[in-house]
Student: 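What follows is a structure written as structure tokens; I'll ask about it next.
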Amino acid sequence: MKMSEMFFTTLRETPSEAEIPSHQLMLRAGLMRKLASGIYNYLPLGKRVLKKVEEIVREEMDKTGAQEILASALLPAELWKETGRWNVFGPEMFKLKDRNEREFCLGPTHEEIFTDIVRNEIKSYKQLPFNLYQIQTKYRDEKRPRFGVMRSREFIMKDAYSFDKNWDGLDISYKKMYDAYCAIFDRCGLKYWVVDADTGAMGGKDSNEFMVPSDVGEAEVVYCDECGYAANVEKAPCVNRAIHAEDVEKEIKKVATPDVKTVDELMHFFNTTADRFVKTLIYSIDGKAVAVMLRGDREVNITKLQNLFKASDIEMADRNTVESVTGAEVGFAGPININVDVLVVDDEVAHMKNFIIGANETGYHYENVNYGRDFKADVVADIRNIEVGEPCPKCGKPINIARGIEVGHIFKLGTKYTEALGATYLDENGQEQPIIMGCYGIGINRTVAAIIEQHHDDRGIIWPMSVTPYHVIIVVASNYQPEQIQAAEKIHDELAARGIEVLLDDRDERAGVKFNDADLIGIPIRITVGKKISDGMVEFKRRDKAESIDIPINDIVNKVIDEINRELA
RNA sequence: CGGGAUGUGGCGCAGCUUGGUAGCGCGCAUGGUUCGGGACCAUGAGGUCGCAGGUUCGAAUCCUGUCAUCCCGACCA
């Protein structure tokens, strides 16, 4: 491809709206342009990268025996109403009506649709198992689209759905996907964690997320260098030990604490540390008032709380509710004489001694409080976030926490959708059984962004060979030298004839501009045809290396092909 | 949805406090000189200053409303 003919523009300056490297570079390198918030158009270079990633995904999926189909992105409301998700998704779903006022949505995910396809075709155990997938555009009206393609409202997703006779079969289907995902992300040149994940609103049993370590990631990952344990913080269980175990239980005492409301103020007032306090937070969970108690310096884990209550709607209670259940101003809530539907105590609190709590009376706290003796909970459970340095749930060594980009997610769904939609089969005994389902997603655009996050420097992108839009870029140093142009065209044609994707920078620009653009768009191999062509030499340089080497023009084609093959092997 | 910020040629920005001809850098076009890490000179094209009202003789500038975009938070198969 001659760059003088290519639809392609780079930006010298970073658009002010882009904050993170992948977003900045995707715009600067001319991979894509924004159409609206969270909606992007892909230009030729960007489209080629998407295709590369899609092709890797397709190859690895096909290897597992999964079969590609293509469902519609425009979906009738009925199916969603059958499973109840028309309302569950709520405003996040792009909803629309046809000319006859029939309701539709743009598909945010496709469990319902694949299950519907399957229920119409599958009748017998003899037809199971199988796995169907598609690579298709999804629509989610995100509350806050962010970071370019990292969280967008329109995105390309590979979604796969497995259908099995039983749970053992699902385990096998799941393992195949797990391995395929590892192969996919390996081939994309990504370093990643496979973490235990919450099954969330999708329902189901086991779940793993594929997380690319990155400071710009939206998820927090707990990991253990000792034993290799890794989990989403949402999921990671806390291991609680007795705190201040040496203390003897002292007598409970009411203390006047005028205007002392926050944990910080309490620490000051009592001249002690946050682990001596227990805070009582009031939540509204599916309409019920719930008090949640945890150590002063801990954070509530909403996911754990949600799972505990099998809740769909959780929010912090408003000021009025707090004041009515506690009978005091905000800042003095405590478990004694509190008027809530449920009192939940974090497991850690049950391990504490002589702690300080609110008295449900404005201006007062209790100290030397002990769980069991002074109050009792309706539920004691693990409902907090694990923190750095706490014991690993698997081996007990101190854990670390880092941020990650979720590029893939796999679930054992079970029968949630097949039961709701009546997708059943007749088993060997003629008995009707629900099909057992798994679902498996990869965000294609987000994977591209994650690759850039992991492969760039201050000059631009550094594509892995497997996903680069072109393998090679030939820079003609001096366009006005016919000898250089001719030599460059010859190399270009020979490489192209041998199946190499090659760009020829024959633009009427100075060498510096071409070098800078080559670095920016991140082509892994650069050949420069310059002065030394008179000695029959061209320059070979890798984007990821600083130095370059001179190579006889007659050897360059083989050199390049060797290099590419070595890397793609 | 709560908080914060910003909208001025394709990109980056100034001008706004104190109303009066819309500016700079980059990019783009033409000509010339250059030519291995974002050249130089000359000439030129391109903007209803997000939109709608209002104040005023006069609004990019002041007021009101609205829309859009970005960031933080909440939320997120």
Side-chain angles (χ1 to χ4, degrees), chain A residues 9-20 23-24 27-28 30 33-39 80 83 85 88-93 107-114 138-148 150-153 155 157-161 197-204 207 209 216 218-219 232 234 300 302-303 306 312-316 318 406 408-411 413 416-417 437-443 459-460 475-481 484 505 507-520 526 528-533 538-539 541 546 548 550:
Chain A
T9 332
T10 52
L11 303 177
R12 292 198 179 190
E13 289 177 276
T14 303
S16 56
E17 66 190 29
E19 296 272 325
I20 66 168
H23 189 195
Q24 294 176 341
L27 294 172
R28 282 234 292 141
R33 303 270 103 111
K34 186 177 74 174
L35 218 208
S37 179
I39 302 177
W80 297 86
T83 60
R85 287 212 295 179
V88 171
F89 260 98
E92 203 172 309
M93 195 147 64
T109 177
H110 279 239
E111 284 77 16
E112 278 81 354
I113 289 70
F114 274 63
K138 299 282 188 263
Y139 298 87
R140 292 184 194 180
D141 195 359
E142 295 284 349
K143 283 170 193 151
R144 174 138 106 92
R146 240 197 292 212
F147 298 150
M150 207 62 93
R151 176 165 297 279
S152 54
R153 297 195 291 173
F155 58 97
M157 181 184 212
K158 186 286 298 178
D159 47 329
Y161 306 87
D198 185 69
T199 50
M202 293 297 300
S207 175
E209 287 165 335
V216 305
E218 295 185 86
N232 195 312
E234 290 178 351
V300 174
I302 296 289
T303 303
Q306 190 159 11
S312 55
D313 183 38
I314 295 191
E315 53 188 357
M316 290 288 283
D318 57 34
E406 181 191 341
H409 199 163
I410 59 180
F411 287 89
L413 275 183
K416 174 169 174 169
Y417 296 94
M437 235 177 125
C439 75
Y440 318 91
I442 292 178
R459 309 193 59 80
V475 172
V476 181
S478 307
N479 256 37
Y480 51 89
Q481 300 284 359
Q484 292 184 18
D505 196 347
R507 293 177 299 168
D508 193 14
E509 292 285 355
R510 308 179 104 235
V513 172
K514 297 185 184 183
F515 290 144
N516 279 308
D517 274 347
D519 288 346
L520 177 59
R526 188 181 84 197
T528 306
V529 180
K531 288 196 215 64
K532 283 171 273 188
I533 195 66
V538 296
E539 189 179 287
K541 182 182 175 299
S548 62
D550 292 336

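Computed from heavy atoms alone, side chains included, the values below leave out hydrogens, waters and symmetry copies. Quick note on labels: first sequence line is chain A, next is B, and so on, each numbered from 1.
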Student: Distance check, P atoms only: C24(B) and G9(B), in whole angstrom units.
Tutor: 15 Å
Student: Would the distance check show the side chain of K514(A) and the main-chain N or O of V476(A) forming a donor-acceptor pair, the cut-off being under 3.5 Å?
Tutor: yes
Student: Between G15(B) and G7(B), how many Å separate the two C1' atoms, rounded to a whole number?
Tutor: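 To the nearest whole Å, 15 Å.
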Student: Once you round it to whole Å, what is the distance between C1' of C13(B) and CD of E13(A)?
Tutor: 8 Å
Student: Can you check side-chain hydrogen bond (donor to acceptor under 3.5 Å, both in side chains) on T14(A) and Q24(A), steps first, answer last?
Tutor: CA-CA 6 Å; T14(A) 303; Q24(A) 294 176 341; 4.9 Å; no
Student: So what's C40(B) paired with, Watson-Crick or G-U wobble, going by both distances under 3.5 Å?
Tutor: G32(B)
Student: What integer number of Å spans the P atoms of U61(B) and U21(B)?
Tutor: 13 Å
Student: When the distance from CZ of R151(A) to P of A74(B) is rounded to whole Å, what number comes out?
Tutor: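 Atom-to-atom, R151(A) to A74(B), this comes out as 13 Å.
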Student: Could you state the atom-to-atom distance from CG of D198(A) to P of C75(B) in whole Å?
Tutor: 14 Å
Student: For the pair Y161(A) and F114(A), name the ring-plane relationship: parallel under 30°, tilted 30 to 60°, perpendicular over 60°.
Tutor: tilted
Student: Between C1' on C76(B) and CZ on F411(A), what's the gap in Å once rounded to a whole number?
Tutor: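 Taking CZ of F411(A) and C1' of C76(B), I get 12 Å after rounding.
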Student: Using only heavy-atom distances, determine whether the side chains of D141(A) and Y139(A) contain a donor-acceptor pair under 3.5 Å.
Tutor: no
Student: Searching all strands shown, indicate the nucleotide that pairs with U69(B) (Watson-Crick or G-U wobble; both distances under 3.5 Å).
Tutor: A5(B)
Student: Once the angle between the rings of H409(A) and F411(A) is folded into 0 to 90°, is it parallel (under 30°), tilted (30 to 60°) or perpendicular (over 60°)?
Tutor: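 Parallel: the ring planes of H409(A) and F411(A) meet at under 30°.
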Student: Rounding to the closest angstrom, what is the interatomic distance between A52(B) and A68(B) at atom P?
Tutor: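 These two P atoms come out 16 Å apart once rounded.
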Student: Across all strands shown, which nucleotide pairs with U64(B) by Watson-Crick or G-U wobble geometry, both distances under 3.5 Å?
Tutor: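 Paired with A52(B).
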Student: Quick one: are P108(A) and M93(A) in side-chain contact, heavy atoms under 4.5 Å?
Tutor: yes
Student: Would you tabulate the pairs of protein nitrogen or oxygen atoms and nucleotide nitrogen or oxygen atoms of nucleotides 69-73 of chain B closer than 3.5 angstrom?
Tutor:
unit_1, atom_1, unit_2, atom_2, d
U69(B), OP1, S37(A), N, 2.8
U69(B), O3', K34(A), NZ, 3.0
C70(B), OP2, S37(A), OG, 2.7
C71(B), OP1, F147(A), N, 3.4
C72(B), OP2, R144(A), NH1, 3.1
C72(B), OP2, R144(A), NH2, 2.6
C72(B), N4, R144(A), NE, 3.4

Student: Does the structure show a Watson-Crick or G-U wobble partner for U18(B), both distances under 3.5 Å? Name it, or say none.
Tutor: none
Student: Whether K143(A) and E92(A) form a salt bridge (side-chain N of Lys/Arg under 4.0 Å from carboxylate O of Asp/Glu) is what I want to check.
Tutor: no
Student: Considering residues at least two apart in sequence or located in another chain, which fulfil the side chain to side chain donor-acceptor pair (under 3.5 Å) criterion with E218(A)?
Tutor: R146(A), R151(A)
Student: If a protein heavy atom is under 4.0 Å from the base, mark B; if only from the sugar-phosphate, S; if neither, -; do that for nucleotides 31-39 of chain B going 5' to 3'.
Tutor: ---BBBBBB
Student: Rounding to an integer number of Å, can you tell me how far E142(A) CD sits from C1(B) P?
Tutor: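 It is 14 Å, rounded to the nearest whole Å.
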Student: Can you tell me, in whole Å, how much space there is between the P of U6(B) and that of G10(B)?
Tutor: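 Straight-line distance between the two P atoms is 22 Å.
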Student: Both distances below 3.5 Å, Watson-Crick or wobble geometry, any strand: find the nucleotide opposite C13(B).
Tutor: G23(B)
Student: Once you apply the 3.5 Å cut-off to both distances, tell me the Watson-Crick or G-U wobble partner of C75(B), or none.
Tutor: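 Partner of C75(B): none found under 3.5 Å.
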Student: Between C62(B) and C16(B), how far apart are the two P atoms, rounded to whole Å?
Tutor: 9 Å
Student: Which whole number of Å gives the distance between the P atom of U69(B) and that of C63(B)?
Tutor: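 One P to the other, the span is 25 Å.
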Student: Looking just at side-chain N and O atoms, do E111(A) and T109(A) make a donor-acceptor pair shorter than 3.5 Å?
Tutor: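 Side chains of E111(A) and T109(A): pair found under 3.5 Å.
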Student: Any side-chain donor paired with an acceptor under 3.5 Å for D517(A) and T10(A)?
Tutor: yes
Student: Using the P atom as the point on both nucleotides, what is the distance between C49(B) and U18(B), in whole Å?
Tutor: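 22 Å, rounded to whole Å.
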Student: Just name whichever nucleotide pairs with G47(B), Watson-Crick or G-U, keeping both distances under 3.5 Å, else none.
Tutor: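 With both distances under 3.5 Å required, G47(B) matches none.
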